[in-house]
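Read through the structure below, which is laid out as structure tokens, and then see the notes.
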2 protein chains.
Amino acid sequence: MDDLDKKALSELMAHGRITWAELASRMDLSSPAAADRVRRLEDKGIIKGYHAEIDPEKVGYGLTAFIFITLERPEHTAEFLHLIKEIPEIQECHHITGEDNYLVKVRCHGTRDLDRIITTELRGMHGVVKTKTVIVLDTQKETTTVPLKSNDE
Amino acid sequence: MDDLDKKALSELMAHGRITWAELASRMDLSSPAAADRVRRLEDKGIIKGYHAEIDPEKVGYGLTAFIFITLERPEHTAEFLHLIKEIPEIQECHHITGEDNYLVKVRCHGTRDLDRIITTELRGMHGVVKTKTVIVLDTQKETTTVPLKSNDE
DNA sequence: ACTGAAAGAAAGTACAG
DNA sequence: CTGTACTTTCTTTCAGT
């Protein structure tokens, strides 16, 4: 992956799947060259897909929360993860270090909705013995952009 | 926002900015009708943009972490937030309830890189008196899809 | 690995119903 | 909102550097 590939990725992260012609002009390259590079990046799985970004507040999902979950025993893991994937309000689920086992990011309508998710959906699962909820008051930065260069180098 | 708009949003979240013709066929609608709807959604700001999804591991950003940050006094907030926005490894920054003030999500090369971010970048800022780091061992779910319908209804 | 041009294929748009 | 027809634009191919 050279600098031109990085340039392509950063343009695509910023604008989605634009036309070869437009991408080519942003990269100072011809259309066939730009198309070739992007197809290679797609084939390698470096580009996983293309998505629209929706404003969660404008569609009624104004409350964000992070929930730490403790699982009683490892045997519960498979079923737990399967159920987690079925809950649309759960955007992320990470296995983490520390006191608790999992950290999930939730996006929902409001506190009543959050209460239902914690009480019914999560604490109703086998093996979930403890949850710890952190409510998001305000979000100052939120991007899915991968940092192709850091401030360090 | 009716059901057809929701259908449009979910298709766009899944596939990015596809052609009007393709979107129209997925929605059982004519191209001009689909185009009109999407343009309205863009104008209202419900659709905030289009992006490519990049595999972080494949571009060398295999380590994810969440860091809780405690700020000494409210006066430090403005400068803190300004600096946070300049750090490309920080993908998210949320003001939260609980013991600590902010929760940031970090994506970096590895532990050495994380150490630099915590020690130099974060703890070097005015007002940052405490940080608490949670390392992500494995990510089972990670999407930016807004749940337009919940399991509840 | 990239350029440039040219052919061919599609996509977006405007308009009438 | 549909369906068509028009116009413009993009993609792809290929020969050449």
Side-chain angles (χ1 to χ4, degrees), chain A residues 1-56 58-61 144-150 153, chain B residues 1-62 88 109 143-149 153:
Chain A
M1 236 206 12
D2 59 8
D3 284 348
L4 234 42
D5 281 337
K6 287 188 183 178
K7 175 73 176 159
L9 289 178
S10 88
E11 291 295 338
L12 292 172
M13 278 195 284
H15 305 107
R17 175 82 145 72
I18 51 182
T19 62
W20 302 136
E22 188 175 346
L23 179 62
S25 93
R26 288 174 189 275
M27 294 177 67
D28 293 310
L29 222 65
S30 66
S31 298
D36 277 355
R37 277 177 180 275
V38 172
R39 264 192 277 265
R40 272 198 297 271
L41 292 167
E42 287 171 347
D43 290 343
K44 284 190 208 156
I46 292 175
I47 297 171
K48 293 175 78 178
Y50 299 92
H51 307 283
E53 181 192 358
I54 307 299
D55 188 327
K58 294 215 167 123
V59 292
Y61 284 81
T144 56
T145 305
V146 177
L148 295 174
K149 48 185 68 177
S150 79
E153 33 188 28
Chain B
M1 235 206 11
D2 59 9
D3 284 349
L4 234 42
D5 280 338
K6 288 189 182 178
K7 175 74 176 157
L9 289 179
S10 87
E11 291 295 338
L12 293 172
M13 279 195 284
H15 305 107
R17 176 78 146 76
I18 51 182
T19 62
W20 301 136
E22 189 175 345
L23 180 62
S25 93
R26 286 173 190 276
M27 295 178 66
D28 293 310
L29 222 65
S30 66
S31 298
D36 277 355
R37 277 176 181 274
V38 172
R39 265 192 276 266
R40 273 197 296 270
L41 292 167
E42 286 171 347
D43 290 343
K44 283 190 209 157
I46 292 175
I47 297 170
K48 293 175 78 177
Y50 299 92
H51 309 283
E53 181 191 359
I54 308 300
D55 188 327
E57 301 203 9
K58 294 215 167 120
V59 292
Y61 284 83
H109 299 305
T143 170
T144 57
T145 306
V146 177
L148 295 174
K149 49 185 67 177
E153 34 188 24

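Chain letters run A, B, ... following the sequence lines, proteins first and then strands; every chain starts at 1.
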Checklist entry - Taking the side chain as C-beta and beyond, is there a heavy-atom pair between Met1(B) and Leu41(B) under 4.5 Å? => result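 Met1(B) vs Leu41(B): side chains touch.
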Residues that [X] engages under side chain to side chain contact (heavy atoms under 4.5 Å, CB included), provided they are two or more places apart:
X	answer
Thr144(B)	Thr144(A)
Glu11(B)	Lys7(B), His15(B), Leu23(B), Arg26(B)
Lys58(A)	Asp55(A), Ile46(B)
Ala33(A)	Leu29(A), Ser30(A)

Next on the checklist: Quick one: does any side-chain atom of His51(B) pair with a main-chain N or O of Met13(A) as donor and acceptor, under 3.5 Å?
Outcome noted: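 Pair found, side chain donor or acceptor close to backbone of Met13(A).
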Next on the checklist: Working note: Leu12(B) + Tyr50(B), criterion side chain to side chain contact (heavy atoms under 4.5 Å, CB included); need CA distance, chi angles, decisive distance, verdict.
Outcome noted: CA-CA 9 Å; Leu12(B) 293 172; Tyr50(B) 299 92; 4.2 Å; yes
Checklist entry - Where along residues 40-54 of chain A does a heavy atom come under 4.0 Å from DNA chain D, residue by residue in number order? => result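 Residues of residues 40-54 of chain A that come under 4.0 Å of DNA chain D do not exist, since none gets that close.
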Checklist entry - Going 5' to 3' along DNA chain C, which nucleotides are the first and last within contact of chain B (any atom under 4.0 Å from a heavy atom)? => result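 Here the contact window of chain B covers dA11(C) to dA14(C).
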Nearest heavy-atom pair of [X] and [Y]: which atoms, and what distance?
X	Y	answer
Ala21(A)	Ser31(A)	CA-OG, 3.6 Å
Ile47(A)	Ala52(B)	CG2-CB, 4.5 Å
Trp20(A)	Ala34(A)	O-CB, 4.4 Å

Next on the checklist: Using 0.5 Å steps for rounding, measure from the NZ atom of Lys6(B) to the CD1 atom of Ile54(A).
Outcome noted: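 If I round to the nearest 0.5 Å, the distance is 12.5 Å.
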Checklist entry - For Asp2(B), which residues count as a side chain to side chain donor-acceptor pair (under 3.5 Å) partner, sequence neighbours excluded? => result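 If we apply the side chain to side chain donor-acceptor pair (under 3.5 Å) test to Asp2(B), skipping adjacent residues, the hits are Arg37(B).
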Checklist entry - In chain order, what residues pass the side chain to side chain donor-acceptor pair (under 3.5 Å) check against Thr143(B), with sequence neighbours excluded? => result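 Thr145(B).
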Using the 3.5 Å cut-off, write out each protein N or O paired with an N or O of nucleotides 13-15 of chain D and the distance between them.
none

Distances under 3.5 Å between nitrogen or oxygen atoms of protein and nucleotides 8-11 of chain D:
from: dT11(D); atom 1: OP1; to: Trp20(A); atom 2: N; distance (Å): 3.2
from: dT11(D); atom 1: OP2; to: Trp20(A); atom 2: N; distance (Å): 2.9
from: dT11(D); atom 1: OP2; to: Ala21(A); atom 2: N; distance (Å): 3.2

Item to check | Dot-bracket line, read 5' to 3' along DNA chain D, where crossing pairs take [ ] and | marks a partner on another strand, Watson-Crick or G-U under 3.5 Å | outcome: |||||||||.|||||||
Checklist entry - Just wondering, are more than 12 heavy atoms of other shown residues or ligands nearer than 6.0 Å to CD in Glu22(B)? => result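 Yes, CD of Glu22(B) has more than 12 neighbouring heavy atoms, counting only those of other groups under 6.0 Å.
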